[in-house]
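Each chain gets a letter, A, B and so on, in the order its sequence line appears, and its residues count up from 1. As the structure is a computational prediction, the values presented were derived from the model and not from experiment.
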Amino acid sequence: MIDLKYLQKNFDEASAKLLKKGVDTATLENLHERFTSLKEANAPLEEAKAEQNRMSKLFGEYKREGKDMAELKAKVDAKKEQIVGLQATAREAEEALQLVALAMPNFPDDSVPVGANEDDNIELRKVLEPRTFDFEPKEHWALAEINGWIDFERGVKLAKSRFSVLRGEAARMERALINFFLDVNRQKGFEEVCVPFINNSTMLQGTGQLPKFEDDLFKVEGEDLYLIPTAEVPLTNLYNDEILSAKELPILLTAYTPCFRKEAGSAGRDTRGMIRQHQFDKVEMVALSIPEKSDEIFEMMVENASDILTQLGLPHRVVELCGGDLGFSAATTIDLEVWLPGQNKYREISSISNTRDFQARRAKIRYKDGTNNILVHTLNGSALAVGRTLIAIMENYQNEDGTIEIPKVLKKYM
RNA sequence: AGAGAGGUGGCCGAGUGGUCGAAGGCGCACGACUGGAACUCGUGUAUGGGGCAACUCAUCGAGGGUUCGAAUCCCUUCCUCUCUGCCA
């Protein structure tokens, strides 16, 4: 959630920031109004309650002194009636505010480039030169068929479209990649954790998936539970509603989890192959940090993900997202895009974001700095999307006959 | 899943209708004592919101109710523990 006090005091500045993210001023004005309404509704309510509390305390005295209480009771009853009305107004204002506030995306950093969509993203650098083929490189689904690596049909049979089955060497490579990623992350100081793959609505609200993006989530029927769309949810919310001590920060976490996404709104995109699935494996990094250190940690996370791709010998580029392409919770995001020679394109394989205090405010994650409780900064990033890495290896390491070489660093894992 | 017990501050633990945001202890922070430390003594020590402030509202797992007044009584729900069942 954005800082509503900041919004109130610096409306024009806030408005300019959110414009970059595609939020029009009217929406922000609405939020501002509701925040003001709530404050206006709360003031008389609290005053009335204070009066009631004062009067109620008198009862004790009256009783002890044997005084008559009928008159006092009549006064309190009148006050109570007034409170009921004020309470209804305040509650309405509160609910109206929450509705808008929880749907408002994070402010982008000032450094975020202006732009409407991914076409306006800025390539910062390329890492590794794509290899030149002396034959026409195939796409991963063609290679999958030649090698019997991916069973698309039976994945669909077992569940539905956008599910697939990895077989034999592919299944082993999936597992090898997970182990490799976790090992690298652990060496960089991330604590490996193993988390529930199903989280409740409070947690999904904490990281920003709810209430706005419920349509993207698989919900457990009849329960307040959702399949996680990313390990960012359980890892960040590990400290939901906690106050940490400054000395335990930064907290660096990594976990392998499957991720479940409905991909609502992606109908027709990447229907072929394994790029966009309802279920995919990912190894995630999450960091909780003091505000002053989050930029540094962000850089480290980008470097780490890039380094993993380099170790795998996969050409990629580092891209800074423009305001219009930023996710809901992100203040700044860098994507890593891996080269897919079969598609002749760079495709997203990692996305690293600093959400500043946006998620921390929602999830109530603070740390104690002397006497003050301060919101932490939360960061998250993939290191890496496993299925897409598998695809990238298939396409980049293919031979003319369709066979696939194993990257050197993976050999000890297979 | 069925039966019983219970959920209070960082932790332990009192509190069964008013003076309780909450005794006491531990822990922690600061100060005194010490050459330094332990011990001892003193002070402080929940969270969120409103207000320049004095101050004030809310919170004793969560939600609702009774009452002038609820940590305390009632209902619902979640969680934990024990026993039974089931199971990797």
Partner nucleotide, any strand, of [N] [Watson-Crick/G-U, under 3.5 Å]:
N: B/C79; result: B/G6
N: B/A38; result: none
N: B/C33; result: none
N: B/U16; result: none

* Asked: According to the interplanar angle, ranging from 0 to 90°, do the rings of A/His32 and A/Phe11 count as parallel (below 30°), tilted (30 to 60°) or perpendicular (above 60°)?
  ->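 Ring orientation, 0 to 90° scale: tilted.
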* B/G49 phosphate, OP1 or OP2, under 4.0 Å from A/Asn42 side-chain N/O ->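 It does not, given that no N or O in the side chain of A/Asn42 lies less than 4.0 Å from OP1 or OP2 of B/G49.
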* Short side-chain N/O contact from A/Asn200 to OP1 or OP2 of B/C78, under 4.0 Å ->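 No, because none of the side-chain N or O atoms of A/Asn200 sits under 4.0 Å from OP1 or OP2 of B/C78.
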* To do: Take A/Lys138 and A/Ile146 through the side-chain contact (heavy atoms from CB on, under 4.5 Å) test and state the conclusion after the steps.
  => CA-CA 10 Å; A/Lys138 297 178 186 64; A/Ile146 293 168; 3.8 Å; yes
* Presence of salt bridge, A/Arg175 and A/Asp281, under 4.0 angstrom ->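 Judged by the 4.0 Å cut-off on N to carboxylate O distance, A/Asp281 and A/Arg175 do not form a salt bridge.
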* State whether A/Asp307 and A/Lys188 are salt-bridged, where the test is any N-O pair (Lys NZ or Arg NE/NH1/NH2 against Asp/Glu carboxylate O) under 4.0 Å. =>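 Yes, this pair counts.
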* Have a look at A/Ala43 and say if it touches a base, only the backbone sugar-phosphate, or nothing, with a 4.0 Å heavy-atom cut-off. =>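 It contacts nothing in the nucleic acid.
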* Counting any heavy atom closer than 4.0 Å, what does A/Leu58 reach on the DNA or RNA strands: base, sugar-phosphate only, or nothing? ->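 A/Leu58: no heavy atom of the nucleic acid under 4.0 Å.
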* Asked: Do A/Ser111 and A/Asp109 have a side chain donor and acceptor closer than 3.5 Å?
  ->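 No pair is found: no donor N or O on one side chain lies under 3.5 Å from an acceptor on the other.
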* Would you indicate which nucleotide in B/A58, B/G49, B/G50 comes nearest to any side-chain atom of A/Lys5? =>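 The closest nucleotide is B/G50.
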* **From B/G49, B/G51, B/G48, nucleotide with atom closest to A/Asn373 side chain** =>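 Within the option list, the nearest is B/G48.
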* To do: If a protein heavy atom is under 4.0 Å from the base, mark B; if only from the sugar-phosphate, S; if neither, -; do that for nucleotides 61-73 of chain B going 5' to 3'.
  => ---S---BS----
* Enter the distance from A/Tyr346:OH to A/Leu340:CG here, rounded to the nearest 0.5 Å. =>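 It comes to 10.5 Å.
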